[in-house]
K.L.:
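Sharing a structure below in structure tokens format, with a few things to ask.
For ligands, and for the atoms within them, numbers begin at 1 and follow the listed sequence. This structure is a prediction, so every number in the text was calculated from the model and none was measured.
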Amino acid sequence: MVNHRQITKAIIPAAGLGSRFLPVTKAVPKEMLPILDKPMLQFVIEEVIEAGIEEIILVVSPGKESISSYFRDNTELEKHLSSTDGHKLIELVKNIPTGDQVSYVVQEEPLGLGHAVLTAHAAIGDNPFAIVLPDDIITNTPGALRQMIDIYNAYGSGVIAVEAVPWESVDKYGVISGNRISDNLHQIESLVEKPAMDQAPSNLCIVGRYILPHTIFNDLRNTKTGAKNEIQLTDALSLALNTERILAYEFEGVRYDGGTPFGLLRASLEFGLARNDMKQDIIQLLGSLLSASSNSAT
Ligand code: UTP
């Protein structure tokens, strides 16, 4: 193992508009939408803590107070639960990581993921760091970020999580072209944002986990406004490839796309099927929905 600066800080950008979830995102940040009873944001916070990250920097927009209030103690609620029959529920509230580990920076305008990351520069300083997107939920033990930190520790280079997606979906993602180093690791040669299927160099698509050197901030500053009039992180990564080695890692785990209502529905169903208190009800529901739809088709 090579000795490198440890990854102790992670940026979680949560300042986007969440337009695919309108109208609910008029009032509720996308990152606070739940899979069953837990906000997406908490899933990624748990993954980040499991990976050994000590400092979490949440990038929020000016109107997202519900995010910071989620991480504050709520003594009134705890008092109420302990005086009623909610003793078990207290644990759920108390298990939310709070306080010292989480800090906030405000992105005044939603000028893109790249811009959100740049907003957190002062909090990161000259350290390599992680970026974790709260709308990509990945289940596995060890978590995807832990796996990536192990790769970083072994190779000392930036690491981006990639997933082989069906070819007909490549036009929704940033796609890498690279040289295979081992079964699940590639050295990235170039990146293409949302290519047409017949132009895509591979079906290995970038998903929301990154470990990057601090020099990416310079690349972000040199990145011009791109698609959707936003500063795109993928464009800055293309610049970074001129000077840095960046690896693409096919993580172990299942990814759920929490950026769309259907992705969140799929995650809710699958997570519910894994819970003893819901499994039977969900199977029954799915069974009756299936027979209702096949009856209406005949
Ligand atoms: P998305 O690309 O999914 O954008 O952002 P979005 O605004 O959240 O959603 P849509 O496309 O309008 O439906 C990926 C992550 O980057 C954050 C988002 O909060 C999300 O966690 N982000 C995006 C920012 O923090 N700031 C931005 O300006 C854009």
K.L.:
Under 4.0 Å from a heavy atom of Leu17: which atoms of ligand 1 are those, numbered in the order shown and with their elements?
P.N.:
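The list of qualifying atoms is 7 (O).
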K.L.:
Nearest non-hydrogen contact with atom 29 (C) of ligand 1 belongs to which option: Gly208, Pro13, Pro110, Gly112?
P.N.:
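Minimum heavy-atom distance to atom 29 (C) of ligand 1 goes to Gly112.
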K.L.:
Say you draw a straight line from CE of Met197 to CH2 of Trp167; how long is it, rounded to the nearest 0.5 Å?
P.N.:
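Answer for the CE-CH2 pair, Met197 versus Trp167, is 8.5 Å.
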K.L.:
Counting only heavy atoms, which portion of Gln107 has something under 4.0 Å from ligand 1: side chain, backbone, both, or neither?
P.N.:
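Side chain only.
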K.L.:
Check if Lys30 has a non-hydrogen atom at a distance under 4.0 Å from any atom of ligand 1.
P.N.:
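True for this residue.
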K.L.:
Determine yes or no for a side-chain-to-main-chain donor-acceptor pair under 3.5 angstrom, with Arg146 supplying the side chain and Ile49 the backbone.
P.N.:
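Answer holds: no.
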K.L.:
Taking atom NZ of Lys38 as the centre, does the number of heavy atoms from other residues, nucleotides or ligands within less than 6.0 Å exceed 12?
P.N.:
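Count over threshold, so yes.
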K.L.:
Among the heavy atoms of Ala14, does any lie under 4.0 Å from an atom of ligand 1?
P.N.:
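Checking ligand 1 against Ala14, which is what was asked, there is a heavy-atom contact under 4.0 Å.
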K.L.:
Between Glu31 and ligand 1, find which residue part has any heavy-atom pair under 4.0 Å and reply side chain, backbone, both or neither.
P.N.:
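For Glu31, the contact with ligand 1 is made by the side chain alone.
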K.L.:
Purely on distance, is any nitrogen or oxygen of Val59 under 3.5 Å from one on ligand 1?
P.N.:
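No, since none of the N or O atoms of Val59 sits under 3.5 Å from an N or O of ligand 1.
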K.L.:
Taking atom CD1 of Ile137 and atom CZ of Arg266, what is their separation to the nearest 0.5 Å?
P.N.:
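Rounded to the nearest 0.5 Å, the CD1-CZ separation comes out at 12.0 Å.
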K.L.:
Using heavy-atom distances only, which candidate in Ile131, Thr25, Asp135 approaches atom 5 (O) of ligand 1 most closely?
P.N.:
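Nearest option to atom 5 (O) of ligand 1, by heavy atoms: Asp135.
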K.L.:
Could you check Lys172 against Asp257 for salt bridge (Lys or Arg N to Asp or Glu O under 4.0 Å), going step by step and ending with a plain yes or no?
P.N.:
CA-CA 12 Å; Lys172 296 191 192 75; Asp257 178 7; over 6 Å; no
